[in-house]
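As a basis for the values below, the full set of heavy atoms in this structure was taken, side chains included, without hydrogen atoms, waters or symmetry mates. Proteins come first, then strands; the chains are lettered A, B, ... in the order of their sequence lines, and each starts at number 1.
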Amino acid sequence: MFDDIKQQLSDLIDAFCLSRGLPTGKVEFRNIPFSGEWGIAAPLFPLAAADPDKSLPVAKKAQALAEALQSQASGLPGFSRVEAVRGYLNLYFEPHSYVGRVVGTVLEQGVRFGSQPQLGKPVMVEYSNPNTHKPLHVGHLRNVILGGSVCNILEASGKRVIRANYIGDIGLHVIKWMCNYEAYHAGEQPSADIMRWMADLYAESDRRFSDDPDFEAQVRAYFGKWDSGDEHVHALWEQTRHWSMQGFQQVYDLLGEHFDRIYFESDVEESGKVMVEKLLKLGIAEDGRPENPVIIDLDKLLGTKEEYRVVVILRSDGTSLYATKELPLAIMKFEEYDLEQSIYVIDVRQSLHMKQMSKVLEVMGYPWAARMHHLAYEIVNLPGNVTMSSRDGTVVLLDDLIREATQRAFEVVQEKNPSLDADSMRDIARKVALGAIKYPMISRENTKIVTFDWDTALDFNGQSAPYIQYAVVRANSILRRLSEPAPRKADFTHDLLPAELNLIEKISQLPDVVQKAAAEFKPSLVATYAFELAQSFNDFYTQCPVLSAVGSARAARLVLVQAAKISLENALSLLGIQSPQVM
RNA sequence: GCCCCAGUGGCUCAAUGGACAGAGCGAGGCACUCCUAACGCCUAGGUUGGGGGUUCGAUUCCCUCCUGGGGCACCA
């Protein structure tokens, strides 16, 4: 909206350069670091450096140029003042019209503020990817929260998104579970908390498998029955997989996640084996059976050295591997949908594997292979650099964490707001607890390891979701006390305090933050933004009385409170965090 | 050996090549007749792992080294 003004300024600088024998096109514009006033800045260092006259150091020369330009630019319309400082020419906008436009836009757009209409080809995001018959722990949580948040942000940035979930429903862990169930729990039905029940039985089967050689032998025999297509075993598999899926659904409901397309590992096993034959016929794969597996030697194929290594696509005994199934799955996705991009939210340890998969598909001639993108994230550790492993018992179960956090949040609500009814308290406690758990998972960069510890996870103060949620509650509590309907628009004609200006500036940044976060797949940018916005609102809250304000300030601040609340709620929503209205 | 990631106050983390490197926690102090203190204010705390380079300007880009983590043929 300031393009015309910038053009005038640009012309003026060009004329200035020509008159002094300096090269044109050396000056670019940027926003002045915000400190209560909006404006654009022109750093004059590049121009100073290009000046053939070297009698002055660059910094001094830049300042001299800025000062020379200052007097000429002072006449330009649209600016309230012009200054030359430390080599920058700063031009400040007249603030009132800017402010009114920002705040008005937010109220008009409401929940859509920060979002663009969704256009174009869809993007598929594959995430969560749990194994049936197994528990979800805090490590899995990062994947779900990150994936879900990336989807929200992509949608807000104007993409159509397909949320995909690839379920590991076959393999040794499933056989172990079923074998243990038949031997020790035959006929039992899951309890109301299905996830928990499945998890307990999984732990039991895992224990028996490693401690009891007899059980191990039983499992092996059971695997044979599965392979030979035993009807009873397959019926039990269908039933128990269904239970597991119900359990996942309970967790997804709790977390507020949903999926548009579910893929099962069992669906692509056969097509994977067919594909191996095809790759052998094409001469891409090498058959080492029966002693050795079927492999693709990518480095040999491509003439690279120790870059793509070797992919094993089928065991020497003819059974399938992870890679066997990944290939047909990738193809299926692009056959089913005309995808702009196919994104895989998978932890960083699988980077080489993902690189190999897209390379194999490229070698096979699929042009879309370049549109696969591995969104790598680091794992969640325990203090002392201990990796979570269900085998070593070093896991924090999702269930336990949510239960504990909810309990603590409930106690805080009881203390802070004893007059609320029990249902409201429970509802608030759940929203606060889930926010507190989710926030640390997405507030750091994807490539940084998250170290889980109970103290941090249950800390509701400082840079945390509850802090941001509390800002929403404060905004709401002002609006709630109003006896008349809140004004929808106002003129910002009163003397704006720095706290108000800072808040408006922060609010105005949301759309840009969303775009950047989408382009880089980084919810952490939104997480940081939401916190800074809450800080700005709290500053405003303590410094600017709203209900007791007089004159035009009251209406203006009421509108600003609404805009802040909308922005906070929208930002939290992108992170998959709900905003309670009271807490 | 090859490849990837990380290294910023005591701790956990921010910072499109641009102005003085910012927050939170922890520490010390202040603050509650005033829209909820799950809040706010002040103070202390930094050679951005080391060394080179590019640039008017580097936490940011390049090279190199160090430290930590991860990956590299029948796990996923």
**Pair A:Y88 + A:F45: ring centers closer than 6.0 Å** = yes

**A:F531 aromatic ring stacked with six-membered ring of B:G24, 5.5 Å and 30°** = no

**Message:** Which nucleotide wins on minimum distance to the side chain of A:I449, given the candidates B:A76, B:G69, B:G1?
**Reply:** B:G69

**Request:** Quick one: label A:P440 by what it contacts on the DNA or RNA (base, sugar-phosphate, nothing), any heavy atom closer than 4.0 Å.
**Result:** nothing

**Request:** Would you indicate what A:K516 reaches in the nucleic acid, counting non-hydrogen atoms under 4.0 angstrom: base, sugar-phosphate, or nothing?
**Result:** sugar-phosphate

**Prompt:** B:C75 and B:G68: how far apart are their C1' atoms, nearest whole angstrom?
**Reply:** 25 Å

**Message:** Regarding A:Q350, tell me which of base, sugar-phosphate or nothing describes its non-hydrogen contacts under 4.0 Å with the strands shown.
**Reply:** base

**Asked** OP1 or OP2 of B:G7 less than 4.0 angstrom from a side-chain nitrogen or oxygen of A:K448, does that happen here?
**Response** yes

**Item:** B:A23 and B:G9, which share atom name C1', separated by this distance in whole Å
**Value:** 12 Å

**Prompt:** Taking atom types as they are modelled, is there a donor-acceptor pair under 3.5 Å from the base of B:C35 to the side chain of A:R480?
**Reply:** no

**Contact under 4.0 Å: A:R481 side-chain N or O vs B:C35 OP1/OP2** = no

**Prompt:** Just by modelled atom types, is the A:K300 backbone N or O under 3.5 Å from a matching donor or acceptor in the A:T304 side chain?
**Reply:** no

**Request:** Scan A:R86 against the nucleic acid and name what it touches under 4.0 Å (heavy atoms): base, sugar-phosphate only, or nothing.
**Result:** base

**Request:** Could you verify whether a donor N or O on one side chain and an acceptor N or O on the other, from A:Q581 and A:K565, lie under 3.5 Å apart?
**Result:** yes

**Request:** Would you kindly check whether a donor in the side chain of A:N538 faces an acceptor in the base of B:A37, or vice versa, at under 3.5 angstrom?
**Result:** no

**Complete:** To the nearest angstrom, the OH-P distance between A:Y470 and B:U36 comes to 8 Å

**Prompt:** So, do A:F45 and B:G57 meet the stacking rule of ring centres under 5.5 Å and planes under 30°?
**Reply:** no

**Message:** Heavy-atom nearest nucleotide on RNA chain B for A:V58 versus A:V85: which residue maps closer to 5'?
**Reply:** A:V85

**Message:** Rounded to whole Å, how long is the line connecting atom CD of A:Q463 with atom C1' of B:C39?
**Reply:** 16 Å

**Asked** Counting side-chain heavy atoms from C-beta on, which of B:C2, B:C39, B:C35 comes nearest to A:I478?
**Response** B:C35

**Prompt:** Which one, B:G18, B:C74, B:G1, comes nearest to the side chain of A:P46?
**Reply:** B:G18

**Message:** Tell me whether A:R142 contacts the main-chain N or O of A:V380 through its side chain, where contact means a donor paired with an acceptor under 3.5 Å.
**Reply:** no

**Request:** Tell me which of A:E307 and A:S548 sits closer to the 5' end of RNA chain B, going by the nucleotide each one is nearest to.
**Result:** A:E307

**Request:** Rounded to whole angstrom, note down the C1' distance from B:U12 over to B:U16.
**Result:** 25 Å

**Request:** Classify the nucleic acid contact of A:A41 as base, sugar-phosphate or nothing, counting any heavy atom under 4.0 Å across all strands shown.
**Result:** base

**Request:** Report which part of the nucleic acid A:I295 touches: base, sugar-phosphate, or nothing (heavy-atom distance under 4.0 Å, all strands).
**Result:** base

**Request:** Between B:A31 and B:U43, how far apart are the C1' atoms? Round to whole Å, please.
**Result:** 15 Å

**Prompt:** Can you tell me how far P in B:G29 sits from the matching atom in B:C66, rounded to whole Å?
**Reply:** 46 Å

**Item:** Sequence-distant partners of A:A376, side chain to side chain contact (heavy atoms under 4.5 Å, CB included), two or more places apart
**Value:** A:V348, A:S351, A:H374

**Prompt:** Do any side-chain nitrogens or oxygens of A:N417 fall under 4.0 Å of OP1 or OP2 in B:U36?
**Reply:** no

**Item:** NZ or CZ of A:K355 within 45° of A:Y308 ring axis and under 6.0 Å
**Value:** yes

**Prompt:** Hey, does A:N292 reach any base, or is it just sugar-phosphate, or nothing, if we go heavy atoms under 4.0 Å?
**Reply:** base

**Message:** In whole Å, I'd like the distance from the CD atom of A:Q509 to the P atom of B:A15.
**Reply:** 13 Å

**Asked** What is the nucleic acid contact for A:S351, judged by heavy atoms within less than 4.0 Å: base, sugar-phosphate only, or nothing?
**Response** nothing

**Request:** May I have the distance from A:M354 (atom CE) to B:C3 (atom P), rounded to whole angstrom?
**Result:** 22 Å

**Asked** When you look at A:M388 and A:N381, which way does the side chain to side chain contact (heavy atoms under 4.5 Å, CB included) test go after all the steps?
**Response** CA-CA 6 Å; A:M388 283 198 206; A:N381 266 350; over 6 Å; no

**Asked** Between A:H140 and A:H137, what is the ring plane arrangement, given parallel below 30°, perpendicular above 60°, and tilted in between?
**Response** tilted

**Message:** So A:P33, base contact, sugar-phosphate only, or nothing? Heavy-atom distance under 4.0 Å.
**Reply:** base

**Message:** Keeping A:D459 on the side-chain end and A:D455 on the backbone end, is there a donor-acceptor pair under 3.5 Å?
**Reply:** no

**Request:** Please state the P separation for the pair B:G10 and B:C3 - nearest whole angstrom.
**Result:** 34 Å

**Message:** Within the 4.0 Å heavy-atom criterion, would you say A:L352 contacts the bases, only the backbone, or no part of the nucleic acid?
**Reply:** sugar-phosphate

**Asked** Starting at CD of A:E291 and ending at P of B:C74, how long is that distance when rounded to a whole Å?
**Response** 16 Å

**Asked** Between A:H173 and A:Y202, how do the two ring planes meet: parallel, tilted or perpendicular, split at 30° and 60°?
**Response** perpendicular

**Asked** Going by modelled atom types, is there a donor-acceptor pair between the base of B:U16 and the side chain of A:R30 at under 3.5 Å?
**Response** yes

**Asked** Would A:H494 and A:E500 count as having a side-chain donor-acceptor pair, cut-off 3.5 Å?
**Response** yes

**Message:** Taking any heavy-atom pair under 4.0 Å as a contact, classify A:V348: base, sugar-phosphate, or nothing.
**Reply:** nothing

**Request:** Report yes if a donor N or O on one partner sits less than 3.5 Å from an acceptor N or O on the other, where the partners are the side chain of A:T542 and the base of B:C39; otherwise report no.
**Result:** no

**Prompt:** Which whole number of Å gives the distance between the C1' atom of B:G46 and that of B:U36?
**Reply:** 37 Å

**Item:** Rounded interatomic separation in angstrom, taking CD1 from A:I170 and C1' from B:A76
**Value:** 12 Å

**Minimum-distance nucleotide (side-chain atoms of A:R309 versus B:A19, B:C72, B:C35)** = B:C72

**Asked** With a non-hydrogen cut-off below 4.0 angstrom, is A:E378 in contact with a base, only sugar-phosphate, or nothing?
**Response** nothing

**Request:** May I ask you to verify if any side-chain N or O of A:Q535 is less than 4.0 angstrom from the OP1 or OP2 atom of B:G24?
**Result:** yes

**Prompt:** Could one point to a donor on the side chain of A:R315 or the base of B:C74 with an acceptor on the other under 3.5 Å away?
**Reply:** no

**Request:** Please measure how far the P atom in B:A73 lies from the corresponding atom in B:C56, and state the result in whole Å.
**Result:** 47 Å

**Message:** On the nucleotide B:U12, are OP1 or OP2 found under 4.0 Å from the side-chain N or O atoms that A:Y439 carries?
**Reply:** no

**Asked** Can you check whether A:I40's main-chain N or O pairs, donor with acceptor, with A:N31's side chain at less than 3.5 Å?
**Response** no

**Prompt:** If you look at every strand shown and take non-hydrogen atoms under 4.0 Å, does A:R444 touch a base, only sugar-phosphate, or nothing?
**Reply:** sugar-phosphate

**Item:** Candidate nucleotides B:G40, B:A19, B:C2, ranked by approach to the side chain of A:Y467 - the nearest
**Value:** B:G40

**Prompt:** Got a minute to check which stems RNA chain B is part of, using Watson-Crick or G-U wobble pairs under 3.5 Å, three or more consecutive?
**Reply:** B:1-7 with B:66-72, B:10-13 with B:22-25, B:27-30 with B:40-43, B:49-53 with B:61-65

**Asked** The side chain of A:V582 lies closest to which of these nucleotides: B:A73, B:C56, B:U36?
**Response** B:U36

**Item:** Distance, rounded to the nearest Å, where A:E286 contributes CD and B:A73 contributes C1'
**Value:** 11 Å

**Prompt:** Checking all strands, does A:V473 fall into the base, sugar-phosphate, or nothing category for heavy-atom contacts under 4.0 angstrom?
**Reply:** base

